[in-house]
Every structure is written in structure tokens, then in C-alpha cells.
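Note that the structure is a prediction, hence the values are computed from the model and not measured.
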Amino acid sequence: GVWIDDMIVAGYLGQFHPSGMVFDSSGSLYVSLFDANADANPSDAFNSGYGAIIKIDPDNQASVLIAFNNGDDVQDVGEAADLHHPGSLAFGPDGKLYVATRSTTVNELDKVVILDPNASTPFAQVDQIEITRVSDAPLHPRAILFGPSGKLFVSLNEPESTQKTA
């Protein structure tokens, strides 16, 4: 392919490091971003947990910041509390957006964060699934997808580990 253009995302101040992508049923592209050197608030210092999800409209290519976490442990308006190091994305059979996230500390469990596009605040975090450890090390989920039966599968950075939710 031929390089078309750089993407500039309104409302996103960090470097563009995509780590997951998924299309919705209307053709919009959702991209998870992580930048350890960025923060949604430029007056803050370095924050290790910054993450964001953007939505790109298929018709006019406009991008919109739909969810973020600026990593400063202060719950800002519109911030998804557990959206740290977002990675793989999948829309569930319930229409919600599932996001694999990594923990910010060794003692915290990795999670799959659930965002609801139809919540009173669109894409608000409405739930989470904590990923059970099989060892002392964080699992760092790599990929998520829904199987034909509607079960969520999560691949993990742990030898021989894939978890399935009920």
C-alpha cells in the first residue's frame, strides 16, 4: 500500500501508539492508544497509565476521543477509571466495547474493561472483568475475542494460558 497521511486526533495529546483496533457494525474504526510519556492534562508530569480509545468515522475520517485515563489516579469527568495500557478491543454480543487492559502495579489484577456506547455518558465504564492469575506475575492480556457461543476469550502473556468467561 501507499502511505496516505498522518492521523491527528482531536483531544489526544500523546504520541500515536495504537495497540488494538476493531470496527463496529456501522463501519466506525475504534483504536486503543497508549503513551507512557503523555497525559490528557499537559500540566501534569509523566504518568505511566495513560490510555485512550478513539473512534474514526468511516465517512468523513474525523476522529473523536471517546474514552481515556490520564494515569494520575484522579477521576476526571468522562474518565474511565481502569483504562490503563489499553490493548485489544472487541464488541460483545451485548453491544458493549470490551478492552483488554494491563495493571499499573504488580499487586493489581489485569482487567477487561467494559465500556457502554449507550450509557448516559457514552462509552462510560460500566463494568470490568478481573483476570485471575495463574502465577505471581501480571498476565498482560494480549488479545480478546468473542467466540460463536458469545463467550469472551482472553489470551495472556503466560505460558499455556487462555481464559474464557462465563
Side-chain angles (χ1 to χ4, degrees), residues 12 14-25 28-40 44 46-56 65-166:
Y12 180 74
Q15 295 178 12
F16 194 83
H17 295 284
S19 53
M21 298 185 292
V22 69
F23 285 98
D24 68 12
S25 59
S28 292
L29 175 64
Y30 294 78
V31 181
S32 61
L33 306 171
F34 169 72
D35 186 353
N37 298 309
D39 188 321
D44 286 348
F46 171 88
N47 288 310
S48 62
Y50 183 81
I53 308 289
I54 61 167
K55 176 182 176 182
I56 303 167
L65 183 69
I66 61 163
F68 73 95
N69 183 299
N70 66 14
D72 64 4
D73 294 326
V74 175
Q75 186 68 36
D76 296 322
V77 175
E79 185 173 13
D82 295 304
L83 192 65
H84 302 290
H85 307 274
S88 184
L89 306 168
F91 276 98
D94 58 2
K96 295 180 175 116
L97 181 60
Y98 290 69
V99 184
T101 65
R102 292 174 51 182
S103 60
T104 57
T105 68
V106 173
N107 297 321
E108 185 181 355
L109 291 175
D110 296 313
K111 299 176 179 81
V112 174
V113 171
I114 304 169
L115 306 175
D116 188 352
N118 299 313
S120 57
T121 301
F123 290 97
Q125 180 176 333
V126 294
D127 207 352
Q128 66 186 23
I129 300 166
E130 290 187 337
I131 300 172
T132 306
R133 287 188 180 166
V134 294
S135 71
D136 290 336
L139 298 173
H140 304 312
R142 297 292 182 213
I144 60 175
L145 63 88
F146 283 88
S149 64
K151 304 281 187 200
L152 176 63
F153 289 81
V154 181
S155 75
L156 305 170
N157 190 30
E158 177 75 21
E160 303 174 18
S161 291
T162 297
Q163 291 192 8
K164 178 176 71 171
T165 65

Test item: Ile56 and Ile54 side chains (from C-beta on) under 4.5 Å apart, heavy atoms: yes

Once rounded to the nearest 0.5 Å, what's the spacing between atom CZ of Arg102 and atom CD1 of Ile131? 11.5 Å

Side chains of Tyr30 and Leu97, heavy atoms from C-beta outward: is any pair under 4.5 Å? yes

Using 0.5 Å steps for rounding, measure from the NZ atom of Lys151 to the CG atom of Leu145. 14.0 Å

Under 4.5 Å between any side-chain heavy atoms of Met21 and Leu29, yes or no? yes

Measuring from atom NZ of Lys55 to atom CG of Asp24, what distance do you get when rounded to the nearest 0.5 angstrom? 6.0 Å

Quick one: CG on Leu156 to CZ on Arg142, what's the gap to the nearest 0.5 Å? 9.5 Å

What I'd like to find out is whether the side chain of Pro141 reaches to under 4.5 Å of the side chain of Val112, using heavy atoms alone. no

Please tell me if the side chains of Leu89 and Tyr98 come closer than 4.5 Å, counting only heavy atoms from C-beta onward. no

Between Ser32 and Gly87, the two heavy atoms sitting closest are OG-O, 2.6 Å

Within a strict 4.5 Å, meaning less than it, do heavy atoms of the Phe23 and Ser28 side chains meet? no

Could you tell me if the side chain of Ile144 sits less than 4.5 Å from the side chain of Phe153, heavy atoms only? no

Supply the atom-to-atom distance Ile53 CD1 to Leu83 CG, rounded to the nearest 0.5 angstrom. 5.0 Å

Using 0.5 Å steps for rounding, measure from the OG atom of Ser19 to the CG atom of Leu33. 7.0 Å

Under a 4.5 Å cut-off applied to non-hydrogen side-chain atoms, are Gln128 and Ile114 in contact? no

